[in-house]
Structures are given as C-alpha cells and as structure tokens.
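In what follows, a structure is listed as structure tokens, so that the remarks can point back to it.
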Amino acid sequence: MGRSYNPVFGDLGTTIFTVMSALALKSGAVNLGQGFPDEDGPASIRAEAARVLHEGPNQYPPMTGLPQLKAAVADHSARFHGLSFNPASEVLITSGATEALTASIMALAAPGDEAIIIEPAYDSYRPALEAVCANVRAIRLQPPHFKLEEAALAEVFSPRTKLLIINSPLNPVGRVLTQGELELIAAYAKRYDSYVICDEVYEHLVFDGHKHVPLMSLPGMRERCVRIGSAGKIFSLTGWKVGWVQGPAPLIGVIAKAHQFLTFTTPPALQLGIAHGLTHEMNFALNLTRALESNRDFLSRTLTAAGFQVLSSEGTYFVTAGIRNLTNESDRDFCERMTRDGGVAAIPISAFYASGGPTDLVRFAFCKKREILEDAAHRLQNFFAVQPA
Ligand code: GLN
C-alpha cells in the first residue's frame with residue numbers, strides 16, 4: 001500500500017533500551033544497559049498480588065485506580081515529602097510511569113503548544129509530545145556537570161510555553177536538581193503560566209545525603225505541577241508497570257480522560273500488591289538506596305581502572321562515563337562493540353538527545369547483584385587491557 005504512517009512513529013527507531021538488551025542477549029554480555037534490577041522486590045508484595053490473583057478481584061478495577069492504592073500513594077507523598085493529596089480526586093493509578101507521562105502529555109498539550117524538555121531526556125517524552133502535535137523545544141544540558149542555567153530557561157520559555165517536563169533524579173546522568181535550579185524552574189513556570197510534568201520515578205534513589213525535593217512543594221507550584229511515580233522503581237518490580245500521577249484535581253481529572261482510552265486501568269492484583277508495599281515495605285526502598293550507592297562506588301572504581309572518565313552520579317540506577325581515553329568511536333559504535341566483543345552492555349548517552357548531544361559518553365546501570373558487577377568488572381579489565389590507549 002502507498003499509504004504513509006504517522007511520521008512520529010513511522011520514522012522512529014526501536015528504543016535504545018530494547019536494542020541494547022537484544023544485543024546483550026545475543027552476545028552473552030552482562031547487561032548493564034537497560035535499567036532493571038536483577039533481584040525482584042519484596043516477597044510480601046508478590047505474595048499479596050498472588051493471593052489477589054487467586055481470590056480476586058480479577059475484573060476491571062475502577063478507572064482511576066483501586067481506592068486502597070490511591071490512599072497508599074497519597075500517604076507515601078505525605079510521609080516522604082509532606083505533600084497532601086486527596087486520594088479520590090488528586091491521584092490517578094496508571095500502567096507504569098510511561099503511561100502516566102503519555103496521559104499527562106495528551107491531556108495538557110494541545111496541537112501547536114510549545115513544550116520544553118531538558119536533554120538528556122528519557123526517550124518517550126519527545127515522541128509523545130510530537131504525537132499530539134506539540135512543538136518541542138529542548139534545553140541541552142552540558143557535560144560534565146549537566147547543570148541547568150537560567151540562560152537556557154530564558155532562551156526557551158515564551159508566552160507560547162504550555163508545559164515543561166523535568167526529571168530529577170535525572171536518567172541517564174544521575175543529577176539531582178538543586179534547590180536553586182528548582183527555584184529557577186518555578187520562577188519561569190509561574191512567569192509564563194506553564195504546567196510542569198515532574199518525572200520523579202527515582203525519588204528514593206538519591207545518594208551522598210542529597211535530597212529529592214518535589215518541584216510541587218515550592219511556593220505557588222502545587223496548582224501547576226503533576227508528580228509522576230513508578231512502583232517498578234521503588235520496589236524493584238519494573239515488569240509490573242504500576243505507576244501514578246498526583247496533582248491538583250482539575251489536572252488529574254483531564255489526565256484521567258486520556259488514561260481511560262490509553263489503558264483504562266491497571267491489573268488489580270498488582271495494584272493491591274503495591275498498596276501493600278507502600279504501606280509495609282518502604283524499608284526495602286530505603287535499603288535499596290544504600291545498596292545501590294555501594295554498587296555505584298564499586299562500578300565507578302572499576303570503570304576508572306579500565307580507563308573511563310567517570311562522572312559523578314547523585315542518584316538513579318546509573319553512572320555515566322567518558323570514553324575518549326579508550327576510543328575515537330561514537331558512543332553508539334563503542335557500546336555495540338563493547339557489548340559484542342567485550343561482553344558488557346551499556347547505553348550511549350546520545351540516545352537521550354534528539355540531535356547535537358555528546359557522543360563520547362555512555363551509561364552503565366549498577367542496579368545489579370554484586371557478583372554480576374564483579375563479572376562485568378573482570379570482562380572490562382580484560383577487554384580494555386588489550387586495547388590501545
Ligand atoms: N528506564 C529504563 C532505562 O532507562 C528502561 C525502560 C525501558 O526499557 N522502557 O534503562
């Protein structure tokens with residue numbers, strides 16, 4: 001047929017995470033690419049979900065989520081961030097943070113609106129915005145510090161700005177936005193009367209005493225922000241795809257209109273398992289942060305010893321490292337070769353930029369068992385020992 005597709009998707013490649021995981025599998029490589037833990041989260045959460053699978057309910061739950069989970073999500077925000085949400089009208093349960101992001105974008109951005117993203121950006125933001133015909137303006141954070149400067153905000157914000165998407169702690173480079181950066185964002189969002197979609201999926205994964213502060217907690221921001229979370233990240237259950245979005249009732253109401261035609265709802269057994277987790281298993285999440293901090297240190301030392309220039313990681317599952325001491329290849333070619341020939345997979349940072357991003361940085365995931373990281377360390381040592389410097 002001569003018919004064309006929606007170019008947003010017709011011209012799009014497969015997400016880098018799937019590409020690199022497939023190559024890792026084919027090559028028998030240790031997969032430090034796609035960010036998923038290799039140890040499943042708490043048994044009690046899985047037991048509760050299994051119980052519900054057997055005993056029910058197993059039919060469509062309410063469209064906006066089961067009341068038990070909505071209440072647990074609201075309590076979680078109150079406990080950790082002092083934010084208060086009405087579970088009935090200000091919390092929406094989604095099938096993962098990805099759906100929460102897409103539903104929020106569909107609901108808040110109209111065709112022709114300008115939407116700002118901050119690159120490096122999670123790879124779903126731009127296509128979701130383009131699919132609703134929003135005009136995307138990107139701020140490009142610069143290595144090695146990836147700091148948000150006021151000049152960059154001043155350049156992209158305008159009276160046409162409908163919304164901004166922020167992600168802190170930031171995948172892929174592990175930055176946690178400072179109070180000063182949050183205040184700048186708040187000032188611009190208020191000046192231009194814009195919404196902010198806050199992707200906070202790594203909210204508990206902050207290291208070295210850094211603190212995650214939701215933008216929504218700053219003065220005047222409660223009414224214009226939505227805050228997105230992911231149970232997959234909190235409880236190392238990434239395959240469950242249980243997420244949520246919290247915000248003022250009018251915004252959650254319209255986001256629910258998008259959600260009702262994206263997925264309508266999320267499996268009830270998983271919702272009740274996560275409700276149990278948020279109520280009884282938060283120590284798991286806090287211990288995970290400590291374990292990952294130590295993994296980060298181990299992997300950073302390993303990478304430095306292998307010849308990478310390791311950047312600091314203040315949060316998330318990830319550490320970013322420069323490759324120029326090891327190769328002149330692009331980050332993507334390098335990742336493919338290291339996966340195929342070195343037996344360790346990573347993600348090229350340029351995948352988080354539409355264009356013009358750095359091509360000398362790669363991302364490694366450290367949300368893995370220590371013995372897996374040790375295996376990767378041996379492979380990296382062997383592989384780079386024989387490389388020309
Ligand atoms: N967020 C994960 C990462 O950055 C991947 C999620 C996915 O594969 N869709 O690695």
Side-chain angles (χ1 to χ4, degrees), residues 9 12-25 29-41 94-103 105 117-128 131 141 146 165-176 197-206 228-244 262-263 266 288 292 295-296 299 311 313-321 331-332 335-336 338-339 344-354 357 361-368 372-373 376:
F9 298 104
L12 197 65
T14 300
T15 169
I16 189 72
F17 308 114
T18 297
V19 170
M20 292 311 300
S21 282
L23 187 60
L25 194 65
V30 177
N31 190 355
L32 304 188
Q34 192 180 24
F36 59 89
D38 54 5
E39 281 179 296
D40 291 345
T94 58
S95 292
T98 309
E99 196 227 337
L101 283 158
T102 302
I105 287 168
I117 63 173
I118 300 177
E119 292 176 334
Y122 188 57
D123 64 350
S124 82
Y125 302 167
R126 182 184 282 271
L141 302 182
F146 296 98
I165 305 180
I166 65 167
N167 171 220
S168 180
L170 176 63
N171 178 6
V173 293
R175 278 233 42 226
V176 177
I197 298 176
C198 304
D199 180 343
E200 302 183 27
V201 300
Y202 298 104
E203 64 187 294
H204 293 293
L205 293 177
V206 285
I228 288 175
S230 168
K233 297 293 185 316
I234 297 176
F235 295 119
S236 296
L237 293 166
T238 58
W240 281 28
K241 301 295 288 186
V242 177
W244 47 81
L262 278 169
T263 58
T266 297
L288 177 67
L292 290 190
N295 282 358
R296 174 205 61 177
L299 186 59
L311 307 187
S313 160
E314 302 165 341
T316 73
Y317 287 159
F318 311 113
V319 63
T320 296
D331 54 347
R332 183 148 185 164
C335 284
E336 288 178 4
M338 184 173 64
T339 306
V344 177
I347 300 286
I349 292 289
S350 60
F352 295 81
Y353 292 77
L361 296 172
V362 301
R363 186 197 83 174
F364 291 86
F366 49 75
C367 47
K368 305 290 171 186
I372 300 293
L373 294 179

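Remember, it's 1-based here, ligands and their atoms both numbered in the order they're listed.
- Across the listed options Gln34, Arg363, Lys233, Gln34 owns the non-hydrogen atom lying nearest to atom 8 (O) of ligand 1.
- One side chain, Asp199 or Tyr125, offers a donor N or O that lies under 3.5 Å from an acceptor on the other.
- Between Glu203 and Lys233, no side-chain nitrogen of the basic residue sits less than 4.0 Å from a carboxylate oxygen of the acidic one, so the salt-bridge criterion is not met.
- Contacts of Tyr317 with ligand 1, taken as heavy-atom pairs under 4.0 Å, are absent altogether.
- Ligand 1 has at least one atom lying under 4.0 Å from a heavy atom of Tyr122.
- A cation-pi arrangement, defined by a distance under 6.0 Å to the six-membered ring centre and an angle within 45 degrees of its axis, is present between Arg363 and Phe318.
- Ligand 1 has a nitrogen or oxygen under 3.5 angstrom from a nitrogen or oxygen of Gly35.
- Here Phe36 has no heavy atoms under 4.0 Å from ligand 1, in either its backbone or its side chain.
- Counted by atom type alone, Thr98 and Ser124 present zero donor-acceptor pairs between their side chains at under 3.5 Å.
- Across the listed options Asn171, Thr238, Ile347, Val201, Asn171 owns the non-hydrogen atom lying nearest to atom 4 (O) of ligand 1.
- Counting the atoms of ligand 1 from 1 in the order shown, those under 4.0 Å from a heavy atom of Phe318 are 3 (C), 4 (O), 10 (O).
- Put simply, the side chain of Ser168 never gets that close to the backbone of Leu170: no donor and acceptor are under 3.5 Å apart.
- In this structure, a donor-acceptor pair under 3.5 Å is present between the side chains of Thr15 and Asp123.
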